[in-house]
Amino acid sequence: MTTKSSVTSIVIFDIDGVVRDVGNSYRRALADTVEHFTNTAYRPTPADIDQLKSEGLWNNDWEASQEFIYRHFESQGQTRQELELDYKTIVAFFQSRYRGTDPENWTGYICDEPLLLQPNYLEQLTASGISWGFFSGATRGSATYVLHKRLGLQSPVLIAMEDAPGKPDPTGLFATVELLENQVKNLPIIYVGDTVADMYTVRKAREINPHRNWIGVGILPPHVQENAADMDAYSQTLLAAGAAIVLSNVQQLNPVKIAELLNEATTQNRDS
């Protein structure tokens, strides 16, 4: 275990698309929800969802579901005021698919999410003097489910949906940093995410606190890795949004790669 004084940098992870594959869970629940509330007239494809999220405003899948429903009916000539969608009803339906209908024992899509990292990866970071934690737009219950029940982590640092405004507002990122830095201040920060909103969060953090070293690392979610064209297009989107590098799996962000990123950032800051 690394002592506080030997920590050299901080890595903060998004969860969905980084720690777990949500292509057949959150995204499936989103598509189910839109299909249900458009009376089966429209079911967004994975490409549709990526396109919406590339706008950088729809990190919250409940809000994304509602936006898809609005846009569908707008395309049919209806106005948002006419629709009077009930957001709570949309959320409840989404959760019935994602978590399941039993509030005590979850049986929904969440139960089958493939993991994208293993605990020994995090142990490797700790042994290399890298402090780590999680900042996610997932609910605390959903985030805790994967971190505690699936990965076996004991009380990791976590800022979840209930704890901060949604991304790209960097408030939650700042809060995670504050929980992690302890005695050592102004360490470089790497935030790892799979969406435009994640990269925008890093950019906004840099705007607010330009004296600190903020680095965004993009991760390609599994659903875009089926062909080279999709991988390249998604990579370019993340790079344009501010990612310093884009990787196909979070575990490629090992201590050696982290050291390289920090050295590159230091050189760029010195030259600018």
Side-chain angles (χ1 to χ4, degrees), residues 1-19 116-136 143 147 151 153-160 163-164 167-195 197-220 238-239 241-272:
M1 176 66 77
T2 329
T3 62
K4 293 177 182 177
S5 59
S6 64
V7 174
T8 59
S9 58
I10 292 174
V11 178
I12 299 172
F13 301 96
D14 180 30
I15 292 177
D16 302 330
V18 175
V19 174
L116 301 175
L117 64 73
Q118 297 300 321
N120 61 358
Y121 163 71
L122 298 172
E123 293 166 5
Q124 181 186 21
L125 296 185
T126 301
S128 299
I130 299 161
S131 185
W132 49 267
F134 303 90
F135 166 44
S136 172
L147 297 180
L151 286 171
L153 303 179
Q154 300 300 316
S155 302
V157 167
L158 167 66
I159 296 294
D163 306 318
K167 294 178 275 190
D169 187 311
T171 302
L173 183 59
F174 292 146
T176 315
V177 170
E178 188 174 341
L179 291 172
L180 286 168
E181 61 184 356
N182 294 309
Q183 296 173 354
V184 184
K185 303 297 182 182
N186 293 317
L187 291 171
I189 306 297
I190 296 175
Y191 185 51
V192 189
D194 69 316
T195 67
D198 293 325
M199 299 305 105
Y200 282 178
T201 301
V202 177
R203 288 169 62 171
K204 288 181 179 291
R206 191 180 299 120
E207 290 170 6
I208 294 170
N209 186 352
H211 304 295
R212 191 157 197 163
N213 195 351
W214 303 92
I215 302 170
V217 171
I219 302 295
L220 293 174
L238 291 177
L239 290 168
I245 191 173
V246 177
L247 305 172
S248 58
N249 178 267
V250 63
Q251 294 187 144
Q252 293 172 339
L253 187 67
N254 55 38
V256 173
K257 179 63 69 176
I258 289 169
E260 291 174 0
L261 285 169
L262 296 178
N263 287 336
E264 289 172 8
T266 300
T267 301
Q268 289 173 1
N269 290 339
R270 186 170 58 242
D271 294 342
S272 60

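- Take A205 and apply the side chain to side chain contact (heavy atoms under 4.5 Å, CB included) test, not counting sequence neighbours, and it matches P170, L173, F174, W214.
- Within the structure, the salt bridge (charged side-chain N to carboxylate O under 4.0 Å, His left out) test picks out no pair touching residues 199-210 (sequence neighbours left out).
- Side chain of N263 to backbone of E260: no donor-acceptor contact under 3.5 angstrom is found.
- Looking only at side-chain heavy atoms (C-beta outward), I190 and I10 stay at 4.5 Å or farther from each other.
- L239 has its side chain out of reach of M199: every pair of non-hydrogen atoms, C-beta onward, lies at least 4.5 Å apart.
- Applying the salt bridge (charged side-chain N to carboxylate O under 4.0 Å, His left out) test to residues at least two apart or on different chains, none of the pairs has a partner in residues 168-180.
- A 4.5 Å side-chain heavy-atom check between K167 and T195 finds every atom pair outside the cut-off.
- By the 4.5 Å heavy-atom criterion applied to side chains, I215 and V202 are not counted as neighbours.
- Judged as a side-chain hydrogen bond (donor to acceptor under 3.5 Å, both in side chains), the pairs with a partner in residues 247-256 (not counting sequence neighbours) are, in order, S248-Q252.
- Listed for the Y121 side chain is a donor-acceptor partner under 3.5 Å among the backbone atoms of L253.
- A search for side chain to side chain donor-acceptor pair (under 3.5 Å) contacts involving S9 returns nothing, not counting sequence neighbours.
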Verdict with reasoning, T201 to F135, per side chain to side chain contact (heavy atoms under 4.5 Å, CB included) = CA-CA 11 Å; T201 301; F135 166 44; 4.2 Å; yes
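- Applying the side chain to side chain donor-acceptor pair (under 3.5 Å) test to T176 and every residue at least two apart in sequence or in another chain returns nothing.
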